Trainee: 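One structure, pasted below without further comment.
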Amino acid sequence: MAYGIIFKALSGFYYVESEDGTVECRARGRFRLEKSVPLVGDSVEFTPTEEGRGVLMEILPRKNAFIRPPIANIDKMVIIASGAVPVTDPYLIDRMTVISQMNDCEPVICVNKCDLEPGDFLYDIYKKSGFITLRTSAETGEGRGELFAAISGSICAFTGNSGVGKSSILNMLEPNFRILTGEISKKLGRGRHTTRHVELFKLPGDAIIADTPGFSAFDTENQLTSKDELQYMFPEFEPYLGECRFHDCAHIKEPGCAVLEALRAGEVQKSRHSSYVRLYEIAAGYKEWEHKT
């Protein structure tokens, strides 16, 4: 038996990075019978059959898994935002921080295009809320070292609204990244922007980046936690939880709410609380069985 990580899944083949290099594997038939699908990012056990080939035997326990895009074991979600055109709505960031934390994935907030606009309002919101927050410029290279330090040793995925510079940031981190993805797409006979498979790439500093068509479209439907757990996804609420008049306080309009008192005192950011209320209303509409699927 040997062990490795699936770096690419394509046409029924799984390309596993192991101590002996890349091994092209097929999955055992029982995976199909058990309706268990190996995902890029999975740590797996495989049996080598011949040089450079093998058979997947087991999928080791996952820390998380996403359906769209299909990927597992993401350590950090790098959320790219911008204070320039386009200006990122904080709610979009807040939704992804919640989804990330629910899946045991640490959010990293990256305010890009700081050469055009420093994005102080976004930077201050998330720095004060307790998240790793940094500024970058794909044009000037500002923040490159800080971003490398934030993702070093991790498997990361990037997300953000269209136009904030996700691709530019990736190429700032590794100038050959565009060439790598372009070569793979050419081999598949598809344009780079229509690539349909998910793949991991190693970057300097022991970081691994997920190259996926879902960079900007991590599925957030039906992924919210229950309304009662949502409060724990807002780190700035933590000092005030358990201090409210009512033990089941929703922190929306209840009298004697410690979170609302902190909001009025400026200890909790207004945009963050507004996002919490929006997400609470969505989570409250989910049925209990939806959280178990």
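What you see is a predicted model; the values in this text were computed from it and never measured. Atom set for the values below is all heavy atoms of this structure, side chains included, hydrogens, waters and symmetry mates excluded.
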Trainee: Locate the shortest heavy-atom distance separating Phe131 from Pro235; write the atom from each residue and the value.
Mentor: CZ-CD, 3.7 Å

Trainee: Does the distance from a Lys or Arg side-chain N to an Asp or Glu carboxylate O, for Arg278 and Asp94, drop under 4.0 Å?
Mentor: no

Trainee: May I ask you to check whether Asp115 and Thr140 show a side-chain donor-acceptor distance below 3.5 Å?
Mentor: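 No, no side-chain donor-acceptor contact under 3.5 Å.
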
Trainee: Under the salt bridge (charged side-chain N to carboxylate O under 4.0 Å, His left out) rule, what do Glu58 and Arg30 come out as? Steps first, then yes or no, please.
Mentor: CA-CA 10 Å; Glu58 295 287 344; Arg30 73 175 182 81; 2.6 Å; yes

Trainee: Can you tell me which residue among Asn73, Asp104, Asp42 is in a side chain to side chain donor-acceptor pair (under 3.5 Å) with Arg62?
Mentor: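 With Arg62 as partner, side chain to side chain donor-acceptor pair (under 3.5 Å) holds for just one option, Asp42.
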
Trainee: Are the side chain of Lys270 and the backbone N or O of Leu263 linked by a donor-acceptor pair below 3.5 Å?
Mentor: no

Trainee: Could you check if a side-chain atom of Arg28 sits within less than 4.5 angstrom of a side-chain atom of Val55, using non-hydrogen atoms only?
Mentor: yes

Trainee: Taking all non-hydrogen atoms of both residues, which atom of Ser271 and which atom of Ile125 are closest, and how far apart?
Mentor: OG-CD1, 3.3 Å

Trainee: Establish, for the pair Lys166 and Phe158, whether the NZ or CZ atom is under 6.0 angstrom from the six-membered ring centre and no further than 45 degrees off its axis.
Mentor: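 Verdict for Phe158: no cation-pi partner in Lys166.
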
Trainee: Locate the shortest heavy-atom distance separating Glu45 from Tyr3; write the atom from each residue and the value.
Mentor: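 Looks like OE1-OH, 2.9 Å.
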
Trainee: Would you say the ring centroid of Tyr232 lies under 6.0 angstrom from that of Phe237?
Mentor: no

Trainee: For the atom pair CD (Glu243) and CD (Glu261), what is the distance rounded to the nearest 0.5 Å?
Mentor: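 With rounding to 0.5 Å, CD (Glu243) is 10.0 Å from CD (Glu261).
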
Trainee: Check whether any side-chain heavy atom of Tyr276 lies under 4.5 Å from a side-chain heavy atom of His251, and answer yes or no.
Mentor: yes

Trainee: Indicate yes or no: does Glu254 engage Arg245 in a salt bridge with an N to O separation below 4.0 Å.
Mentor: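 A salt bridge is absent here (no side-chain N lies under 4.0 Å from a carboxylate O).
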
Trainee: Any heavy-atom pair between the side chains of Phe246 and Cys257 that's under 4.5 Å?
Mentor: no

Trainee: Checking the side chain of Asn64 only, and the main-chain atoms of Asn103 only, is there a donor and an acceptor separated by less than 3.5 Å?
Mentor: yes

Trainee: Give the minimum heavy-atom separation between Gly83 and Leu122, together with the two atoms involved.
Mentor: N-CD1, 4.1 Å

Trainee: Given side chains that start at C-beta, do those of Val44 and Pro38 come closer than 4.5 Å, heavy atoms only?
Mentor: no

Trainee: What distance separates Ile109 CD1 from Ser100 OG, expressed to the nearest 0.5 Å?
Mentor: 7.5 Å

Trainee: Can Arg26 be said to sit on top of Tyr14's aromatic six-ring, NZ or CZ under 6.0 Å from centre and within 45° of the ring axis?
Mentor: no

Trainee: Could you tell me whether the side chain of Leu279 reaches within less than 4.5 Å of the side chain of Val98, counting heavy atoms only?
Mentor: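 When only atoms from C-beta onward are counted, Leu279 and Val98 do touch, with a gap below 4.5 Å.
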
Trainee: Do Ile79 and Thr97 come close enough that some side-chain heavy atom pair is under 4.5 Å?
Mentor: yes

Trainee: Which pair of heavy atoms, one from Pro118 and one from Arg135, lies closest together, and at what distance?
Mentor: O-NE, 2.8 Å

Trainee: Measure the shortest side-chain to side-chain distance between Phe234 and Val268 over non-hydrogen atoms and say whether it is less than 4.5 angstrom.
Mentor: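 Not in contact.
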
Trainee: Under 3.5 Å, is there a donor-acceptor pair between the side chain of Ser82 and the main chain of Ala84?
Mentor: yes

Trainee: Do Val78 and Ile169 make a side-chain contact, defined as non-hydrogen atoms from C-beta onward lying under 4.5 Å apart?
Mentor: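 Answer no - side chains too far apart.
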
Trainee: Measure the spacing between CG of Leu56 and OG1 of Thr47 and express it to the nearest 0.5 Å.
Mentor: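 Leu56 CG to Thr47 OG1: 9.5 Å, rounded to 0.5 Å.
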
Trainee: Over all heavy atoms of both residues, which pair between Thr136 and Gly143 is shortest? Give the atoms and the distance, please.
Mentor: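 Shortest heavy-atom contact: CG2-O, 4.0 Å.
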
